[in-house]
Amino acid sequence: MSSTKSATIVGAGIAGLTAALALAQKGIVSHILEQAPALEEVGAGLQISPNASRILSDLGLLDALSARWSEPDHILLSSGSSLSPLASVPAGKAARTRWRAPYGVLHRASLHAVLMEAVRREPLCTLTTGQRIETAQDALAIAPADVLIGADGVWSRLRQAVPGALPAHYSGNVAWRFLLPYAAAPPFLNPRTVTAILGPQAHLVAYPLAQTQSFNIVAIHQSAEAPPEGWSRTGDAAARARLLGAFSGWHKDIRRLLDDAREPLMWPLFECPDGAWTNGSNTVLIGDAAHAMTPFAAQGAAMAIEDAALLANRLAGANDVGQALRQFETTRRERVARVRSRGAFNRFAYHARGPIALGRNLVLSLRRPESLAADLDWLYGYRTPD
């Protein structure tokens, strides 16, 4: 019998809510503490790849998600200078066939709402909002439990309870996000396609949001200017000039798209170095609190969801909480490291310039869509160990 009967979770984002549901499925009670007085998930679009949707399906959430998301037919890579297609990866029905789970895109707030609805229905989950937590002692004084889970994001306060955990640092990249209605979109964007457009030191991704009938546009560029911590701010004139400058050599339709963007929000991209995730006894970090990563592999949310599933599995079968947390960290560290490596490769490939970019384009043009899909089997076909 498991020695874990209860958990206190700090943070009601994707990581924390998924962890609460996964623990409840194992019969473990959880109390979620959230500092915001009202839950309003920030952000725009989100890609839920099959490795994550498989877990959400196991939690009984797939029908609710399918009503809110779209499943693009394919993922298209295009040239930023010419808008010519370079390669594509089959998705849609092909994803369900190949990876036995869907590839969906939706607004981040939609996923958050589905998770919140499920948590509120679940009798083993309790949520307290408006509760700011500075230390592990604060959390356990409010909600004593066998295990404390830090799901409080990239600027986690719970890291101080984990010796060897390292703070987040600026990645050298900035993301600009805005929504573009389907009716106002240029012809190179297709509501049935996730489109990634590649160029020197920058790239742009567009994916369809069915509920808002709009594209989520994310333009990412390198920037030596290290902005302060925080999400979702309107950039000043200098920041906006850096955005436009980063895409100055691109196709005119891309430049026009960015120049016409109404109030795009600037998101400095922070990431966590490879520090410790658990104190080895009763406290563990998950999601961005443990391993915040840049979005070059589109796996930030998926890694948080995978964390939640494995943590619940390890705690459910353990007689020793500390040992379960150490096993969790060991298993997850290998997986996250491989995903980070894929992200680093994508960053290099997406932002290549000159002869390297020409070589990239040639290699992509020679790859069949099924071959590119096979390269993702290790990522999208992943199943959480018992």
With a 4.0 Å cut-off on N to O distance, would you call D259 and R256 a salt bridge? no

Cation-aromatic face contact R335/Y382, 6.0 Å, 45 degrees: yes

Rounded to the nearest 0.5 angstrom, the CZ-CG distance for R338 and L379 is 8.5 Å

Do you know the tightest heavy-atom contact between Y170 and P268? CE1-CB, 4.3 Å

Check: R367 main-chain N/O paired with S371 side-chain donor or acceptor under 3.5 Å: no

Electrostatic pair K93-D73, nearest N-O below 4.0 angstrom: no

Separation between CG of L21 and CD of E122, rounded to the nearest 0.5 Å: 7.0 Å

Tell me whether I149 is reachable from L124 by hopping between hydrophobic residues (I, L, V, M, F, W, Y) whose side-chain heavy atoms are closer than 4.5 Å. no

Exercise: do Q211 and S110 side chains pair donor with acceptor under 3.5 Å: yes

Could you tell me how the ring of F296 sits relative to the ring of H203: parallel (under 30°), tilted (30 to 60°) or perpendicular (over 60°)? tilted

Is it true that the side chains of T128 and H31 contain a donor and an acceptor less than 3.5 Å apart? yes

Does the side chain of Y182 reach to within under 4.5 Å of the side chain of F215, using non-hydrogen atoms? yes

Are I220 and M293 connected, step by step, through hydrophobic side chains (Ile, Leu, Val, Met, Phe, Trp, Tyr) whose heavy atoms are closer than 4.5 Å? yes

Answer yes or no: is there an ion pair linking R68 with E117, defined by an N-O contact shorter than 4.0 Å? yes

Heavy-atom nearest pair, A298 first then Q47, reads CB-NE2, 3.8 Å

Flag, side chain of Q323 to backbone of D320, donor-acceptor distance under 3.5 Å: no

Check the surroundings of atom CG in D236: do more than 12 heavy atoms from other residues, nucleotides or ligands lie under 6.0 Å from it? yes

Heavy-atom side-chain contact between V339 and W378 under 4.5 Å: yes

Spacing of Q201 atom CD and S223 atom OG [to the nearest 0.5 Å]: 10.5 Å

So, does H74 use its side chain to make a donor-acceptor pair with the main chain of L76 at under 3.5 Å? no

V336 side chain near M303 side chain, heavy-atom distance below 4.5 Å: yes

Chi angles and distances behind the salt bridge (charged side-chain N to carboxylate O under 4.0 Å, His left out) call for R157, D152: CA-CA 7 Å; R157 300 288 185 179; D152 50 341; over 6 Å; no

Given D274 and R333, is the salt bridge (charged side-chain N to carboxylate O under 4.0 Å, His left out) satisfied, shown in steps? CA-CA 9 Å; D274 193 20; R333 188 175 293 281; 2.3 Å; yes

Is there a continuous path of hydrophobic side-chain contacts, each under 4.5 Å between heavy atoms, that joins I32 to I142? no

Using 0.5 Å steps for rounding, measure from the CG atom of L315 to the CG atom of L310. 9.0 Å

Check whether any side-chain heavy atom of V321 sits under 4.5 Å from a side-chain heavy atom of S281, and report yes or no. no

Checking the side chain of S57 only, and the main-chain atoms of S53 only, is there a donor and an acceptor separated by less than 3.5 Å? no

Less than 4.5 Å apart, any side-chain heavy atom of N279 and any of P163? yes

Just checking, R54 and W99: is the charged tip under 6.0 Å from the six-membered ring centre and within 45° of the axis? no

For D63, is the CG atom crowded, meaning more than 12 foreign heavy atoms sit under 6.0 Å from it? no

Looking just at side-chain N and O atoms, do D138 and T135 make a donor-acceptor pair shorter than 3.5 Å? yes

Within the 3.5 Å criterion, strictly below it, is a donor on T193 or T195 matched to an acceptor on the partner's side chain? no

Tell me if a side-chain donor or acceptor on R360 pairs with a main-chain N or O of A349 at a distance below 3.5 Å. yes

Going by heavy atoms in the side chains, are V147 and T8 under 4.5 Å from each other? no

Quick one: closest heavy-atom pair of L180 and A185, and the distance? CD2-CA, 3.7 Å

Shortest non-hydrogen pair, S81 vs S79, comes out as OG-OG, 3.0 Å

If the test is side-chain contact (heavy atoms from CB on, under 4.5 Å), which one of I55, L59, L17 qualifies with I305? I55

4.5 Å side-chain heavy-atom contact, Y207 and S70: no

Provide the closest heavy-atom pair for A139 versus V10 in the form atom of the first, atom of the second, distance. CB-CG2, 3.9 Å

Would you sort out whether L127 and T129 count as a side chain to side chain contact (heavy atoms under 4.5 Å, CB included), showing the intermediate values? CA-CA 7 Å; L127 171 66; T129 57; 4.2 Å; yes

Find out whether F328 and I286 are in side-chain contact, i.e. whether some heavy atom of one side chain is under 4.5 Å from a heavy atom of the other. yes

Side chain of E34, backbone of G11: donor and acceptor closer than 3.5 Å? no

Before giving the answer on side chain to side chain contact (heavy atoms under 4.5 Å, CB included), spell out for E329 and V284 the whole-Å C-alpha distance, their side-chain angles and the decisive distance to 0.1 Å. CA-CA 8 Å; E329 180 176 358; V284 64; over 6 Å; no

Minimum heavy-atom separation for L77 to Y350, with atom names? CD2-OH, 4.4 Å

Salt-bridge test for R132 and E134: reply yes if a basic N is under 4.0 Å from a carboxylate O, no otherwise. yes

Among side-chain atoms of D58 and Q25, is any donor-acceptor pair under 3.5 angstrom? no

Can any side-chain N or O of R255 pair as donor or acceptor with the backbone N or O of F247 at less than 3.5 Å? no

Does NZ or CZ of R332 lie under 6.0 Å from the centre of the six-membered ring of W277, at an angle within 45° of the ring axis? no

Rounded to the nearest 0.5 Å, what's the gap from OG on S6 to CG on D146? Could you check? 4.0 Å

How long is the span from the CG atom in L269 to the NE2 atom in H221, to the nearest 0.5 Å? 9.5 Å

Could you check whether any side-chain N or O of R177 sits under 3.5 Å from a backbone N or O of P264, counting only pairs where one atom can act as donor and the other as acceptor? no

N-O pairing of R96 and E71 below 4.0 Å: yes

What's the verdict on side chain to side chain contact (heavy atoms under 4.5 Å, CB included) for C272 and H291, showing C-alpha distance, side-chain angles and the deciding distance? CA-CA 5 Å; C272 285; H291 45 68; 5.5 Å; no

